[in-house]
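In what follows, a structure is listed as C-alpha cells, so that the remarks can point back to it.
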Protein chains: 2
Amino acid sequence: MTLLNQIREPSFKLSKSAKKVAEVILQNPDEVIHSSVAKLAVLSKVSEPSVIRFCHKFGCTGFPDFKVQLAQSLATAMPQITRDVDENDSLETMIEKIFDSTHATLQLTQAASDLPSIEKATDALAQANSILFFGLGASGPVALDAQHKFFRINTPVIAHLDILNQRMTSANLTSRDVVVCISYTGRTIALIETARIAKKCGAEVIGITSPNSPLAKECSIVLEVETPEDTDMYTPMTSRIAHLVLIDVLVTAVALKRGPQFSEHLLRIKESFAETRINKAEF
Amino acid sequence: MTLLNQIREPSFKLSKSAKKVAEVILQNPDEVIHSSVAKLAVLSKVSEPSVIRFCHKFGCTGFPDFKVQLAQSLATAMPQITRDVDENDSLETMIEKIFDSTHATLQLTQAASDLPSIEKATDALAQANSILFFGLGASGPVALDAQHKFFRINTPVIAHLDILNQRMTSANLTSRDVVVCISYTGRTIALIETARIAKKCGAEVIGITSPNSPLAKECSIVLEVETPEDTDMYTPMTSRIAHLVLIDVLVTAVALKRGPQFSEHLLRIKESFAETRINKAEF
DNA sequence: AAAATATATGTAATAAAATTACATAATAAA
DNA sequence: TTTATTATGTAATTTTATTACATATATTTT
C-alpha cells in the first residue's frame, strides 16, 4: 500500500499530535513534499520531534526519506480523473489525454475492486456448467473478448451480442449456469430484463457494470466499474477497458483455480496455432 | 517532460562534472533519492557544490527539491515490464500484477507511438470511402470494437472477423478504401495474405501490430505495439488493450478532424439511446 | 601564441535542517 | 491517589545543504 493511503487508513492508531500532522499532510501533500520539518511542525502546530516521530511511525528512516516516499506515492496517485479532449488539442496532447484517462480509469477500477465479490465470481465461474457473456452496443466486443479468453481455458462459454439470443438463452438456464452481464451504464432496459429472467431460472448472474445501477440490483454478484458521468462528446469510453481488465482477472483466477493440469491444455492450444503462423525463426 | 528524461536528454549541454553526476543518477536513481549531497558527490567524484549546481541546472531550488522531483519522476517511470502471474499468488497480488502489466503495456505503447504514422493513419481514415477492420482470434473483438466506435462517428465501416469475408472484401477494394489489420503477433499467415491482396488493389493498409513483423512489412502505415515475448502461460494479453487505446486515438482524431458539425451527429446518436435506457433521474 | 575573459570546479566557512537526549506533561492502570 | 506508561516539547547536537570565495580550466581576442 502506498504511503498516502497508509496515512489515510483510519485503523492506524495515531496520537493526538500525529493526527494533526496527518491532517496537514493529507490536506496539502504537494506543499509538504517541499517543506522542512520546521515548516510542517508549524503548520500542524506540533513540535519538530513530533513530526519526525510521525515519519518513523510509517516506517521511514527520517523526514527526508518520508518526503521522498510521499512524493512517490503522490506521483502514482490518481491523475486528473478525466482529461476531456478538446477541439483544438494538438494530436500529441490528444494522445496524452487519452492515455492518461485510461490509466486513471484503471486505477479507479483497481481501487474500487472488491476482493470478496471477485472471489465469489471466480468460484461461480470455475464451477459453472456453462458460462454466458451478454453485452450490447459497446459492450458487445467486450463480451466477445471474454468468450475468446474463456474458450482458451477450455470452458463451455458463449457470448451473445443481441437481445433475442440473450433472452432465449436466459429462459432456459439452470442453477448450474453463470451469466455475466456487461454494461457500461447498467441502464439498458433489455439487458436488465434478461438478467431478471436469468435470475428467476436460478442462474448465477454476475454484473460488470456501474455501481448502484438498475442492472447491478438484478445481479447476484456485482463487479463495479465507476462510470465517470458522460462528460465530453469526444471522451473515449475508457470504462470498457476497465471491463476487459476485469475479465482478464476473472479468466486468470479461474485458470489458476483449476491448477496445473490445465497448463497442459493451454500448451496444446498454443501448439495448434503454430501452423497458422509464420515462425519467428524462419522469418 | 519528467526530470529523469530531462537528465537523459543529450541536447542538454552539461559540464564535465555535471555529466559525472548525471551518469551516477541515471545508473542508480533509487539509491540517489535516499542519499545526501555528500554521498552523491563522492559517488560521482565531484565536489558537493557541483552536485548542487547540477540540481539548479534542472530548475530545482536545491538538492532536497531535486530528490523529491526525481522520486516523482521515478514513480511514473515504467513499472516492471511484465509481472507474470504465479500459481501461488493470492487473488490480491494477482489483481495487482494484471493491472500493473496493463499500465506498463500502455506506457510502452504511448512511448513508442509515432506521431507521423498516426497522423497519416487518421488522414487516410478521415478521407476513406469505406473502412474495414480485420482481426482474427483475440483481435476479433478489437476489430468489432473499432467498428462500433467508427460507426458512432457516422463512418462507413465494417469489421470482418473471419478469413473468408476478409479475403473476399479485400479483393474488391479501391484506392479510396482503408483497411486496418489488427494482429498481436503480426505472424498470422491468413491476415498477411489478406493485407497483400488489399495493397495490390491499391487500398491503404494500416497495421496495428508488432514492429518488424511480416504483417508490418505488408502495410503502408504501421502503428506499432510492442509484443512482450509470450512469457508465461497465464500472462494476460495486455497488448489487445493497447490496440484498443490506439483505436480510441484514431477515432478521436478522425472525429476532431471532421470538426464541430459532427458533434451534432454524436448528439443525435446519444438521444437515440434514450428510450432503450432507464434514466438516472427516474431511477 | 599570449593575454584577457569567461566558465567551471573545488575548498572552506556558514547557514539551515534534521535528529537526539532529556525533561515535563498527559494519560491509563493499579 | 499513586505509579507506570505514553506522549509531547525544549534545547543541545549532529548532520546536511548552501554560499562565498579562490583556483583552475577552457575560450576568445588581439
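Throughout, protein chains are lettered first and strands after them, A, B, ... in sequence-line order, and every chain is numbered starting at 1.
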Atom pairs, N/O to N/O, protein against nucleotides 5-9 of chain C, distance under 3.5 Å?
unit_1, atom_1, unit_2, atom_2, d
C/dT9, OP1, B/Lys16, N, 3.2
C/dT9, OP1, B/Ser17, N, 2.7
C/dT9, OP1, B/Ser17, OG, 3.2
C/dT9, OP2, B/Ser15, OG, 2.4
C/dT9, OP2, B/Ser17, OG, 2.8
C/dT9, O5', B/Ser17, OG, 3.3

Going by purine N1 to pyrimidine N3 plus the second Watson-Crick contact, or the G-U wobble pair, all under 3.5 Å, which nucleotide sits opposite C/dA13? D/dT18
Atom pairs under 3.5 Å, N or O on each side, protein against nucleotides 15-19 of chain C: can you list them with distances?
unit_1, atom_1, unit_2, atom_2, d
C/dA18, OP2, A/Val37, N, 2.4
C/dT19, OP2, A/Phe63, N, 2.8

A/Lys19 NZ to D/dA7 P: how many Å, rounded? 11 Å
Using 0.5 Å steps for rounding, measure from the CD atom of A/Gln69 to the CZ atom of A/Phe58. 11.5 Å
Could you tell me if the side chain of A/Gln27 sits less than 4.5 Å from the side chain of A/Leu43, heavy atoms only? no
Is the closest side-chain donor-acceptor distance between B/Ser50 and B/Ser47 under 3.5 Å? yes
Going through the checks in order, is the salt bridge (charged side-chain N to carboxylate O under 4.0 Å, His left out) test met by A/Asp248 and B/Arg240? CA-CA 11 Å; A/Asp248 275 349; B/Arg240 87 195 184 295; 3.1 Å; yes
Report yes if some heavy atom in the side chain of B/Thr109 is under 4.5 Å from a heavy atom in the side chain of B/Val245; otherwise report no. no
Less than 4.5 Å apart, side chain to side chain, heavy atoms only: is that true for B/Val24 and B/Leu40? yes
Using whole Å, what does the distance between atom P of nucleotide D/dG9 and atom CZ of A/Phe54 come to? 14 Å
Report yes if some heavy atom in the side chain of B/Ser15 is under 4.5 Å from a heavy atom in the side chain of B/Lys57; otherwise report no. yes
B/Leu40 CG - D/dT18 P separation (whole Å): 12 Å
Let me know the distance between NZ of A/Lys39 and P of D/dA17, rounded to the nearest Å. 18 Å
Looking only at heavy atoms, what is the nearest atom pair of B/Thr122 and B/Glu119, with distance? OG1-O, 2.8 Å
